[in-house]
Amino acid sequence: MIGGGPGGLYFAYLWKKRHPEDQVDLFEQNPADATWGFGVVFSEQALEFLRADDPGTVDAIAPHMESWENITLNLHGDSVAIDGVGFSSIGRLELLKFLQQRALDAGVTPRFDTQIQAIDQLNGHDLIVAADGLNSLVRRAHEGDFGTSLSYSSNKFVWYGTSKRFDTLSQTFVKTDRGTFNAHHYRYSPTMSTFLVECDHATWQAYGFAYKDVEQSKGICEEVFADTLGGHCLVSNKSVWRNFPWVWNEHWSFKNMVLIGDALHSAHFSIGSGTRLAIEDAIALVKALESDAHLATALHRYQAARKPIVQKLVDAARTSAFWYEHFAEHMKLPLMDFAYSYITRSGRIDDSRLRAMSPAFMARYEAAKNGGDAA
């Protein structure tokens, strides 16, 4: 295993638990207690997928998660709740420590603070699983063989935390005299929340963020979202402005090397599925390897079974990201129309599903359309 993130740790744990006679070595370039980012979020559906294959892990993590049943949208000082959209979250570092312990208990040999400089260092291993993220060494060494494509979203984003505790997963949209901002924010512990700030390129240029250091950028974001933060500060952890990278690989394995997680594909943070996808990749890879003793056939089976599922979710993520690239235009809509545009943005939810999933929201939305509620 190259990479000690959630996907790499989970595959190492799962394989060693089911095949205790095998030697599983995990290499992670960072210390065991290092992480960037703050919280990770799972939809109720994602947790049910995991529970179906590994109920013990879900039951062990669940007491440490924050959960809620609604999404809250804030626009021009007004807000609307979209009911029936359940999520749970946990601190990224807490999740990593939990998975590290499970891997250790299963007998995995972890090597933290160990950077693999060349794939030749791993000669002698039967299988190399690359879970080493967006800048994957394995993928970059064989981009042509993996059929790698890489592009970037036009919006800029920066990831912060805050001690302000939010009741639900929330989206706050703010217009200033120099542009528009959006914040994705949700609690991941009793005392901390994730707070991701996003803006289009024109707004980013208007504020001169290219020439601002980390503290200056943080100060501007605190000012823009002062009402939302309610006196709390933002917390930085390698919090720099970036464009979201779209990674995709047509071929998921080459020789005895196979990709999972962000090394293989990326899904926009607006649908909150990166960690879920990495863990589900790990489960699918274990099943494929167990289904066929011939490695090449097993790796082909992994791609054949998993790729259509991932492609569907990534397509929805791209549609969602496109909505965010134009959120300034959507902000001109009345509140309920804006909320409807938001919740249907990925193309996966139609009116009938929305009525079943979010009856209170749809009742308010349809009343507003019929003039029975202020839109």
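These numbers come from the heavy atoms of this one structure, side chains and all, not from hydrogens, waters or symmetry mates. Treat the numbers as computed from the prediction; the structure is a model and nothing was measured.
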Taking atom types as modelled and ignoring hydrogens, do the side chains of [X] and [Y] form a donor-acceptor contact shorter than 3.5 angstrom?
| X | Y | answer |
| --- | --- | --- |
| Glu325 | Asn155 | no |
| Arg102 | Thr57 | yes |
| His268 | Ser153 | no |
| Asp167 | Trp68 | no |
| Thr72 | Ser79 | no |
| Asn182 | Gln171 | yes |
| Ser341 | Trp323 | yes |
| Ser266 | Asp262 | no |
| Gln121 | Asn123 | no |
| Glu366 | Asn370 | no |
| Asp105 | Tyr13 | no |
| Thr319 | Ser346 | no |
| His185 | Ser193 | no |
| Asp292 | His300 | no |

Ion pair check, [X] and [Y], cut-off under 4.0 Å:
| X | Y | answer |
| --- | --- | --- |
| Glu215 | Lys218 | yes |
| Glu290 | Arg301 | no |
| Lys255 | Asp145 | no |
| Glu143 | Arg140 | no |

Given the options Tyr342, Tyr324, Trp159, Phe157, His184 meets ring-ring contact (aromatic ring centres under 6.0 Å, His included) only with Tyr324

Check for a donor-acceptor pair, side chain of [X] on one end and backbone N or O of [Y] on the other, with a separation under 3.5 Å.
| X | Y | value |
| --- | --- | --- |
| Arg51 | Val58 | no |
| His19 | Lys16 | no |
| Arg178 | Ala202 | no |

Joint cluster assignment, [X] & [Y], ILVMFWY side-chain distance < 4.5 Å:
| X | Y | result |
| --- | --- | --- |
| Leu354 | Leu335 | yes |
| Phe181 | Phe173 | no |
| Val310 | Val286 | yes |

Between Phe195 and Phe225, is the ring centre distance below 6.0 Å?
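Centroid distance Phe195-Phe225: below 6.0 Å, so yes.
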
Query raised in the report: Is it true that Tyr152 and Trp246 have ring centroids separated by less than 6.0 Å?
Result: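 They do not qualify: ring centres at least 6.0 Å apart.
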
Which label fits Tyr188 and Phe38: parallel for a plane angle under 30°, tilted from 30 to 60°, or perpendicular past 60°? tilted

With a sphere of 6.0 Å drawn around NZ of Lys307, does it hold more than 12 non-hydrogen atoms of other residues, nucleotides or ligands? yes

| task | For Phe254 and His142, run ring pair (Phe, Tyr, Trp, His ring centres under 6.0 Å): C-alpha distance rounded to whole Å, both residues' side-chain angles, the deciding distance at 0.1 Å, then the answer. | result | CA-CA 8 Å; Phe254 175 62; His142 298 285; 5.0 Å; yes

**Q.** Verdict with reasoning, His201 to Ser154, per side-chain hydrogen bond (donor to acceptor under 3.5 Å, both in side chains)
**A.** CA-CA 7 Å; His201 193 264; Ser154 61; over 6 Å; no

